[in-house]
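See structure below.
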Amino acid sequence: MSADVTVLYFAALRERMGRSRDILTLSENTRTVGALLMERRKVDPTLDAALSGPGTLRVAVNRQLSDLSAPVQAGDEVAVFPPMTGG
Amino acid sequence: MSADVTVLYFAALRERMGRSRDILTLSENTRTVGALLMERRKVDPTLDAALSGPGTLRVAVNRQLSDLSAPVQAGDEVAVFPPMTGG
Amino acid sequence: MPLIRIVVGESAFDMGKETARLLTESDGVGGVGSFLGVVRGGNGLVALTLEHYPGMCEDVLTALAQEAVARFSLAGCIVIHRVGRLVVGEPIVLVLTAAAHRAAALNGTRFLIDRLKTGAPFWKMEEFADGRRVWVESRAEDEVAAANW
Amino acid sequence: MPLIRIVVGESAFDMGKETARLLTESDGVGGVGSFLGVVRGGNGLVALTLEHYPGMCEDVLTALAQEAVARFSLAGCIVIHRVGRLVVGEPIVLVLTAAAHRAAALNGTRFLIDRLKTGAPFWKMEEFADGRRVWVESRAEDEVAAANW
């Protein structure tokens, strides 16, 4: 079984990233969405800059609104995006 | 100038009257809608019975919602009807 | 000038066309609220017959529309009310309100239908499968809804 | 089972046909409430581009519709949300709710559009005549409107 996690970026965050998704490999001790993103920022300056940008960000795990403390495991789909502005 | 007042009946009241309108002649001392109807009831048993029927009634004078104390004069259009149930 | 369109008559109406018209003839619209009332079946009801006071209906609906436009800053509104005999499922009334923002449009719609119910001279007679004909009584909750505005 | 119809896509929709469908496929309907959101012009705005999270949009809208049906005893509801580039005056979103009585239908409409605005994963980018492209920021009043339900 793969230890990959898909991370999706939307809207202004997608533009700041210059791409709409990453496939990240989950290290053994990474248990939460927050930890996953924090580890990745250390090695990905684009992600670090994008997440440091202005405005709050929201997180969804497997298409459910969630937050950085949510558990993450192999096969999960994580999405990071600005507050939604539909309608 | 005619001293006539048109009186319109609608809905259940129209059915109780068996007609949709009367043309009444305003007597010299009749100043209000209430007085006009009260006078007429004395000589029109159908109107008397219809106005004594169950349920409240509303009054409009010249197509404006009003009440029995409203002044009435020659040429006016008075309407009497049950509470409205549109929509 | 905001569009105010009032129609009282026997004819059916086309909600899509009326909405398109409201959008075409109003400026700065971000949202359109609407309410469509239809003849609800149940308990053997076959049809409603709508009686009205010609002239006064149009006057009252125009005044209500003007009040709604002023109160909710509407870009326009349309009120269509049918009269005559309407069978179960047929549309009776359409209220359409256009505004810059959704809250104004939705408040305008609700104001108009709430006030129209007890303030415009229409009367409903119910016709049942067993032949009974019953004039609809005004409902206390409708009077309250109208008075709350 | 009340009809729940959710559509997310680029295509235009026909409000009259959707309303007819809701009436045909729902039982005991006395009223249909609706909200139609359109691209509002002004300040040099030319178009909006709607981005969305495919899959999650449909999940969220279905869950919201189910909540609305249960909470307001709706006979049915339809939510259609367009994505892609839409010019000024074009429809973006349609909410239609059917119920036995008007208060339920109108409350259902308002609940759905209020909650959808901040709870469904859509994002708007404004495009202006001078070439500027600006992502719309979420509005505090929209967050409040959604939280009030």
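Quick note on labels: first sequence line is chain A, next is B, and so on, each numbered from 1.
Within the 4.5 Å cutoff, side-chain heavy atoms of B:E77 are placed close to those of C:Y53. At least one side-chain heavy atom of B:P82 sits under 4.5 Å from a side-chain heavy atom of C:W123.
In this structure, CE in C:M56 is found 4.0 Å from CG in B:L65, a value given to the nearest 0.5 Å.
For B:Q64, the CD atom counts as loosely surrounded, since its 6.0 Å shell holds 12 or fewer non-hydrogen atoms of other residues, nucleotides or ligands. Crowding of C:D27 atom CG: a count of heavy atoms from other residues, nucleotides or ligands under 6.0 Å not exceeding 12. In the displayed structure, C:D130 atom CG is contacted under 6.0 Å by more than 12 heavy atoms of other residues, nucleotides or ligands.
Between the side chain of C:S138 and the backbone N or O of B:M84, no donor-acceptor pair lies under 3.5 Å. Side-chain atoms of C:H81 do not come within 3.5 Å of backbone N or O of B:G86 as any donor-acceptor pair.
Of the candidates C:D142, C:V136, C:L48, C:T118, B:T85 forms a side chain to side chain contact (heavy atoms under 4.5 Å, CB included) with just one, namely C:V136.
The greatest number of non-hydrogen atom pairs below 4.5 Å with chain B, out of C:M125, C:R139, C:E143, C:R82, is found for C:E143.
Residue C:R133 touches chain B through its side chain alone, counting heavy-atom pairs closer than 4.5 Å. Interface remark: C:E137 contributes backbone atoms only to the contact with chain B (heavy atom separation under 4.5 Å).
Annotation: residues 10-33 of chain B contacts chain C through B:F10, B:A11, B:A12, B:R14, B:E15 [non-hydrogen atoms, separation under 4.5 Å].
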